[in-house]
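Side chains are part of it too, since the values below use all heavy atoms of this structure and drop only hydrogens, waters and symmetry mates.
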Amino acid sequence: MASSAIAPTSAPFINKKELGFSALSSSSPFSIQRCKRTTVSKKICSVMAPQQSERKPATTGSVKTGMTMTEKILARASEKPQLSPGENVWVNVDILMTHDVCGPGSIGIFKKEFGQDAKVWDREKIVIIPDHYIFTSDERANRNVDILRDFCTEQNIKYFYDIKDLSNFKANPDYKGVCHVALAQEGHCRPGEVLLGTDSHTCTAGAFGQFATGIGNTDAGFVLGTGKLLLKVPPTLRFIMDGEMSDYIMAKDLILQPLKQPPGPHLTSGTSWARVPLGYLPQFVPIIGEISVAGATYKAMEFVGTTVESLNMEERMTLCNMVVEAGGKNGLVPADTTTYKYLEDKTSVPYEPVYSDAQARYLSEYRFDISKLEPLVAKPHSPDNRALARECKDVKIDRVYIGSCTGGKTEDFMAAAKLFLASGKKVKVPTFLVPATQKVWLDIYTLPVPGSGGKTCSQIFEEAGCDTPASPSCGACLGGPKDTYARMNEPKASYLLAPQVCVSTTNRNFPGRMGHKEGQIYLASPYTAAASALTGYVTDPREFLQ
């Protein structure tokens, strides 16, 4: 894949080691003029057409320095005319989300610090979604949901997606499922806003052109009481993806890209591709694979380009979901007509999209030609342990898991069904299907798969010999209590010491992630997961899709 790392066309390349953003002074060529603060409008940026190629920098008073999307959103939320990376600002939060794992702790801190009888800052801006440890007999897990329910009743929280009957999720119309997918489906994700959640994959919502990031229980307890949080403005890494995606490639492959050592000079840790001669660029330049699981620590990752524009909203969510696997503070995709169409029937709350200025300054920019990308996996035990799927064809597997916030959306199951249909074969290993939300579960049973003659995903899955789609939740992605469906509890057999090997559409493969500390997890797209289920080995989906 032809690729290059480029410096911004409208502003000089800024290396963080050469210039500390937080220490800009009047003597610096990049100095920022300060405005006298009189009346500051919250709407500091005008709404621009999504397809507009040439954008003027935002201007407020005498300030004419261009800003990135992240900087603009945080400027609006902090009522500042201008922000630069490294600044610390008090941000007004638009939405706070918590769930059954972190909610009780956040509530406990809120009550301890603000008082047992204190009221939350805004009952309509708090979204509470039980989703992680739901379908279990574990008393402590069930107690967590009880704590959420009592708190929501006490505070009259408007958006509490409760579940009471654990034996039949369909008997609970309020229950949704995985928080990150439910937030989008219920209209809580809106361009230009700030969404915080007590879950590291809250960054998923950046697909809607908003600042979305995970926070801890202590921060969440403070937000519950004040609606504010002190945040440091992150610098932005910009990823420009162009080229037509092949039929066997999905967003999971875009974010799971392998690093191939280029000929010539070897790169050392911390080397920027912007410093590498063009003649030495590798065939495949990665995102997480190139910058590693820490390469974007406390940085925004902005995704643009024709490839990104061609993605539907669920695929954009997959892309942003995994920025945290590179240490990213948040990920963003600029809002466009695809975004607006998705939101049409989901929210009546007005929102104001923002876009990076042409003069915006990025820490680094990376350009990719996606047209030559091959299907990928992340080998145990790290999301940046990349390999081509075809290079792992000799890895025998014991099971396949299709689900989670990353790989349990409607489009993910449609992709798996499409591959099963094309193959006409049955799976050779147990294949577990866990829809992210109740809506996804319904889609599996009602929406016809294109080219199937009217068959639904559920019919194709049954014909292929998969397990019946389970109750929507996070399932075994995080491990959970021992009776969690599809959890990797034991080795292959009592007389074997070898751990189980699983191909999974989830987002992490650290030791113990799906329940067993010795489990071997290969992260993959739904296409690759389905292909692997049919062979019993890690398999390139092109074996069935070409």
Side-chain angles (χ1 to χ4, degrees), residues 3-25 28-32 55 57-58 65-75 80 82-89 203 206 209-213 231-242 254-255 257 259 267-278 281 285-305 308 319-320 322-334 354-368 384:
S3 56
S4 63
I6 62 174
T9 56
S10 302
F13 175 80
I14 301 176
N15 188 304
K16 190 174 182 181
K17 294 181 180 178
E18 299 171 355
L19 177 65
F21 281 116
S22 61
L24 295 176
S25 65
S28 167
F30 306 109
S31 63
I32 297 174
R55 298 191 178 98
T65 302
M67 290 192 287
T68 65
M69 287 177 63
T70 292
E71 292 158 13
K72 284 186 176 182
I73 294 171
L74 295 182
K80 300 282 187 180
Q82 185 77 34
L83 287 180
S84 294
E87 290 189 64
N88 294 302
V89 290
C203 51
Q210 66 181 155
F211 179 89
T213 194
L231 292 175
K232 182 170 70 173
V233 180
T236 297
L237 302 176
R238 196 171 191 235
F239 299 88
I240 305 168
M241 301 181 186
D242 289 315
L254 298 184
I255 200 71
Q257 297 188 52
L259 173 60
L267 301 183
T268 58
S269 176
T271 301
S272 169
W273 284 109
R275 307 300 186 191
V276 180
L278 289 179
L281 285 172
V285 177
I287 295 179
I288 297 179
E290 193 264 334
I291 62 179
S292 83
V293 290
T297 299
Y298 214 96
K299 299 177 181 68
M301 297 174 68
E302 183 177 315
F303 301 102
V304 298
V308 177
L319 195 63
C320 290
M322 292 191 67
V323 303
V324 71
E325 312 313 334
K329 182 66 174 177
N330 64 301
L332 302 100
V333 174
V354 299
Y355 303 93
S356 293
D357 296 320
Q359 291 83 357
R361 297 176 296 181
Y362 300 95
L363 194 62
S364 296
E365 287 192 355
Y366 302 86
R367 188 180 295 276
F368 306 98
D384 66 350

Give me the atom names and distance for the closest heavy-atom approach of [X] to [Y].
| X | Y | value |
| --- | --- | --- |
| M69 | G209 | CE-CA, 3.9 Å |
| L231 | Y298 | C-OH, 4.3 Å |
| P234 | T70 | CG-CG2, 3.7 Å |
| Y355 | K72 | O-NZ, 2.7 Å |
| S84 | V233 | O-CB, 3.5 Å |
| Y362 | E365 | CD1-OE2, 3.1 Å |

Could you tell me whether the side chains of Q82 and T65 share a donor-acceptor contact shorter than 3.5 Å?
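On atom types as modelled, these side chains do not qualify, holding no pair under 3.5 Å.
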Who are the side-chain hydrogen bond (donor to acceptor under 3.5 Å, both in side chains) partners of D242, not counting sequence neighbours?
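D242 satisfies side-chain hydrogen bond (donor to acceptor under 3.5 Å, both in side chains) with T306, R367 only.
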Output the distance between atom [atom1] ([X]) and atom [atom2] ([Y]), rounded to the nearest 0.5 Å.
| X | Y | atom1 | atom2 | value |
| --- | --- | --- | --- | --- |
| E71 | E87 | CD | CD | 9.0 Å |
| L83 | K232 | CG | NZ | 14.0 Å |
| I240 | Y366 | CD1 | OH | 12.0 Å |

Among L332, T236, L363, which one satisfies side-chain contact (heavy atoms from CB on, under 4.5 Å) with T68?
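It is T236; the other options fail the test.
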Looking at side-chain heavy atoms only, is the closest gap between I255 and F303 below 4.5 Å?
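Touching, per the 4.5 Å side-chain cut-off.
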Stepwise, does the side-chain contact (heavy atoms from CB on, under 4.5 Å) test hold for M241 with L319?
CA-CA 12 Å; M241 301 181 186; L319 195 63; 4.2 Å; yes
Do side-chain atoms of D357 reach the backbone of M67 as a donor and acceptor pair under 3.5 angstrom?
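Yes, the answer is positive, given that a donor and an acceptor are paired below the 3.5 Å cut-off.
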